[in-house]
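Data block below; observations after.
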Number of protein chains: 2
Amino acid sequence: MAEDDATTSAAGQLTPVSYLVLGLVARHGAATPYDLKSFVAQSIGNFWSFPHAQLYKEPPRLAELGLLAEEREEHGRRRRTFRITEAGRAALSAWLAEPDTSLGELRAPGLLKLAFAELGKPGDVEALASAQAAAHRARLKTYRSYTAMSADVMPWSLRRTLELGIAYEQMQVEFWERLLADCATGQHTRR
Amino acid sequence: MAEDDATTSAAGQLTPVSYLVLGLVARHGAATPYDLKSFVAQSIGNFWSFPHAQLYKEPPRLAELGLLAEEREEHGRRRRTFRITEAGRAALSAWLAEPDTSLGELRAPGLLKLAFAELGKPGDVEALASAQAAAHRARLKTYRSYTAMSADVMPWSLRRTLELGIAYEQMQVEFWERLLADCATGQHTRR
DNA sequence: CCAAGAATAGTCCGAAACAGACCGTCTGCA
DNA sequence: TGCAGACGGTCTGTTTCGGACTATTCTTGG
């Protein structure tokens, strides 16, 4: 397999983190790992946590694959700045072009606890539901405050993901509040 | 710290998987790792994937901590059967009793792709939205078929988590269908 | 002006998680 | 009776994960 087709040859080794990095670098023109860390923290990181160590490890790896170009300060903080290459842009485009049918995961500790609520003491569910509702309400509020951002810092695609985040949190709040209400009326063991 | 308080001493080393195993064993009285694997596959595994290797590794670990009791066939398939101990029941109760405020994660590859959609070709988003909507509709249908199950195999707590699953998938379907509709009318780049 | 502390920027490591290959055992039924 | 498919389990090599740790630069108030 020749190296002149980065799209094909590298695709197998690219993970979600890879595309996250490629996408962020492409969007911003150039970025240091630290920049990536910040971008992630205020966007996708809300849904999907990426340990920052990964955001430092991934760019050099992508550079080796020829998808990014690296340039490093010699002195001071020795920042590493990355830019996307043509091959990188191609790999990103190819990924964006293939529609994804995978469903992802919903790793919610509260949900796991609820699944075994029947084994706990009577009051436990109420407390859980109440805590969860509050936590999700808080996050919903945060998300809503983001909607005020201007289009410059928030491309439409990002705004769309924010909308999903809002819809998700709203659903969670409704779910836990409904559960709480049913607990109050003794409905929860029936149905 | 004395060993006579398993609740306190073991709590630090217990992960979500631990409680999943404790809970399943408690619910069913006794279980082999293989049973756990099956239980997980048809319930929580839909939201949160646990590699089966973990469900084989965790029970012996919990047995060492005194939270499970192990008993093994000497011949044939050499099944390992686990039962919950008093200490295990206590640890589980303690976990259920503390309300959880963590929000969990939403690891959805489609969402990641959407976040960078602005960098792709015009038709890409439609294809993605269409594929995602279809996938979530399919899962929604599966979940709905589960609601027919009797209360024997489906305790109320599990039924509740199923309800959340349904609400979640419904929200996803609506989100992607709305996006698709907006694409058709050229709305997506504005807003 | 300068010291303290906050924010910036990056490295490193051990412990888990993870995916999946692989291997025996048993049951039903053709 | 033989074999397909479900059962039941072990193992291994990578990645991921979380967090501790270091060093540089900026800010601010005394």
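Only a predicted model underlies this, so the values are computations on that prediction, with no experimental measurement involved.
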Could you go through residues 42-49 of chain A and list every donor-acceptor pair under 3.5 Å that involves a side-chain atom there, pairing it with any protein atom two or more places apart or in another chain?
{"residue": "A:S43", "atom": "OG", "partner": "A:F39", "partner atom": "O", "Å": "2.8"}
{"residue": "A:S49", "atom": "OG", "partner": "B:E105", "partner atom": "OE2", "Å": "2.8"}

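Here A:K57 pairs with nothing under the side-chain contact (heavy atoms from CB on, under 4.5 Å) rule; sequence neighbours left out. Qualifying side-chain contact (heavy atoms from CB on, under 4.5 Å) partners for B:Q170, counting only residues two or more places apart in sequence or in other chains: B:L140, B:R144, B:I166, B:E174.
Among all heavy-atom pairs drawn from B:D100 and B:S102, the shortest one is OD1-OG, 2.9 Å.
Rounded to whole angstrom, the span from the CD atom of A:E70 across to the C1' atom of C:dG10 amounts to 13 Å.
For B:S18 and B:T15, the side-chain atoms include at least one donor-acceptor pair closer than 3.5 Å.
The nucleotide range of DNA chain D contacted by chain A, defined by atoms under 4.0 angstrom from heavy atoms of the protein and reported 5' to 3', is D:dT16 to D:dT25.
With a 4.5 Å cut-off between side-chain heavy atoms of Ile, Leu, Val, Met, Phe, Trp and Tyr, the cluster of A:L103 takes in none.
Among the heavy atoms of the strands lying under 4.0 Å from B:R72 are primed sugar atoms or P, OP1, OP2 only; no base atom is included.
Below 30°, between 30° and 60°, or above 60°: for A:H136 and A:Y168 the angle between ring planes is above 60°, a perpendicular geometry.
Listed by residue number, the members of residues 30-58 of chain B with any heavy atom below 4.0 angstrom from DNA chain D are B:T32, B:P33, B:Y34, B:H52, B:A53, B:Y56.
Results of the side chain to side chain contact (heavy atoms under 4.5 Å, CB included) test with A:L22 over A:V17, A:L67, A:T85 single out A:L67 as the only residue that passes.
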